[in-house]
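Heads up, the thing below is written out as structure tokens.
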2 protein chains.
Amino acid sequence: MMQTYTIGQLGRLTDTKVETVRYYERIGLLPHPPRSVGNYRVYDGAHLARLGFIRRARELGFPLDQVRELLELSGQEARSCEQVDELVQAHVTDIERRIHDLQTLRQELTQLLAQCQHGKIAECRIIEALQPRVTG
Amino acid sequence: MMQTYTIGQLGRLTDTKVETVRYYERIGLLPHPPRSVGNYRVYDGAHLARLGFIRRARELGFPLDQVRELLELSGQEARSCEQVDELVQAHVTDIERRIHDLQTLRQELTQLLAQCQHGKIAECRIIEALQPRVTG
DNA sequence: ATCCACCCTGTAGTCACTACAGGGTCAAGA
DNA sequence: TCTTGACCCTGTAGTGACTACAGGGTGGAT
Ligand SMILES: [Zn+2]
Ligand SMILES: [Zn+2]
Ligand SMILES: [Zn+2]
Ligand SMILES: [Zn+2]
């Protein structure tokens with residue numbers, strides 16, 4: 001009576017390309033499912049849940065090795081969630097650093113754009129700013 | 001009397017790894033330099049300037065194919081800088097989109113962290129939020 | 001002569017997929 | 001029964017922008 005799924009169905013349910021599901025299996029993130037007589041992969045609800053977890057974590061920007069850790073931790077129900085916190089907090093810090101870097105970049109580029117007088121390339125401040133100071 | 005540089009010197013002057021300089025040559029971003037009798041690459045000031053330009057553009061986050069366009073444009077001095085503007089503006093827009101995406105992510109994660117009660121993993125809201133709603 | 005820092009080529013690894021090529025399976029309709 | 005067409009299989013290679021070797025050759029100083 002257990003519900004089963006083909007790889008395509010699993011993909012549709014989790015918004016995952018079929019190739020990606022196979023990729024997750026190849027790198028050991030999803031277990032090898034049993035096969036049908038025609039050699040098709042046969043998934044069940046547990047696979048669906050696990051893939052859903054992976055995809056949600058990916059949406060939240062966790063790299064796959066951190067997803068792996070989160071999966072590992074999620075199975076140890078009696079344990080304290082301290083490590084989960086740490087992992088998520090580190091990820092937030094990383095995201096904040098990336099935001100900061102991009103804001104700096106945006107600032108620099110916007111300043112360049114503001115200086116451009118829309119003339120010939122020979123006088124363009126943007127191109128000029130890219131020319132390195134050739135200290136000779 | 002023309003100044004020349006080995007690949008290592010060029011790398012030091014532009015903060016570029018030697019492998020990266022060779023990589024730029026391989027993909028046609030830097031011209032093949034002449035070689036010494038011992039088959040060493042021999043660079044001159046023009047190479048140095050071009051590599052400097054590439055590295056500065058990379059620091060500003062331009063992908064290599066846009067760097068290629070910028071290099072192309074920078075050589076056409078009589079032309080209007082309209083295309084330069086467009087390219088840079090598109091890049092800024094892209095950066096702004098990335099900032100926005102990261103801020104959304106940060107918000108989601110921060111909310112998750114705030115909900116965690118620091119108990120057992122079985123009750124952890126973070127893990128819970130990653131479990132997909134298994135709608136039968 | 002020997003050392004060491006530097007240079008050479010070529011290949012493979014990174015991350016997280018994605019895109020084929022070249023086949024096999026399965027259910028439905030004519 | 002035959003044939004479509006949607007789906008599945010494996011294996012390999014491509015993406016961006018490098019980075020890291022392995023296994024050798026070169027050049028200058030001691
Ligand atoms: Zn302009
Ligand atoms: Zn301009
Ligand atoms: Zn906690
Ligand atoms: Zn918790």
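Below, chains carry the letters A, B, ... as their sequence lines are ordered, and counting in each starts from 1. Keep in mind the model is a prediction, meaning the values are calculated, not measured.
- Using a cutoff of 4.0 Å between basic side-chain nitrogens and carboxylate oxygens, K120(B) and E77(A) are not scored as salt-bridged.
- Residue-level contact check: R22(A) touches the bases, meaning some heavy atom is under 4.0 Å from a base atom.
- A salt bridge does not link R68(B) with D65(B): none of the charged nitrogens is closer than 4.0 Å to a carboxylate oxygen.
- Between L113(A) and D85(B), the shortest heavy-atom distance links the atoms CD2-O, 4.0 Å.
- Relative to the side chain of R55(A), the nucleotides dC18(D), dC17(C), dC7(C) differ in distance, and dC17(C) lies closest.
- Comparing dC7(D), dA16(C), dT26(D) by their nearest atom to the side chain of Y40(A) picks out dC7(D).
- Across dC8(C), dC8(D), dA16(C), the shortest atom-to-atom separation from the side chain of I7(B) is found for dC8(C).
- Listed candidates were dA17(D), dT26(D), dA16(C). Nearest to the side chain of P63(A) is dA16(C).
- For the segment residues 24-38 of chain B, residues with any heavy atom less than 4.0 angstrom from an atom of DNA chain C are, sorted by number, R35(B).
- For a distance-only test at 3.5 Å, the side chain of Y23(B) fails to qualify as a donor-acceptor partner of the base of dT19(D).
- Contact annotation: R41(A) does not reach the phosphate of dC8(D) (side-chain N/O to OP1 or OP2, under 4.0 Å).
- Here the side chains of H91(A) and F62(A) are in contact, with some heavy-atom distance below 4.5 Å.
- Spacing between atom CG of D65(B) and atom P of dA17(D) amounts to 7 Å, rounded to whole angstrom units.
- One atom, CG of L10(B), and another, P of dC8(C), lie 11 Å apart when rounded to the nearest Å.
- For the pair I54(A) and L30(A), the minimum side-chain heavy-atom distance is below 4.5 Å.
- Phosphate contact (OP1/OP2 of dT19(D), side-chain N/O of T20(B), threshold under 4.0 Å): present.
- Atom CG in D15(B) sits about 14 Å away from atom C1' in dC18(D), given to the nearest Å.
- Among the nucleotides dA17(D), dC17(C), dT18(C), the one closest to any side-chain atom of K17(A) is dT18(C).
- With DNA chain D read from its 5' end, the first of the two nearest nucleotides for N39(B) and N39(A) is the one closest to N39(A).
- Salt-bridge formation is not detected for the pair D101(B)/R98(B): no Lys NZ or Arg NE/NH1/NH2 atom is positioned less than 4.0 Å from an Asp or Glu carboxylate oxygen.
- Nearest-nucleotide mapping onto DNA chain C: of Q9(B) and E19(B), the residue sitting toward the 5' end is Q9(B).
- Distance Y5(B) OH to dC6(C) P: 18 Å, rounded to the nearest Å.
- Using a cut-off of 4.0 Å between Lys/Arg side-chain N and Asp/Glu carboxylate O, E108(B) and R56(A) are scored as salt-bridged.
- In this structure, R68(A) reaches neither bases nor backbone, as no heavy-atom distance under 4.0 Å exists between it and the strands shown.
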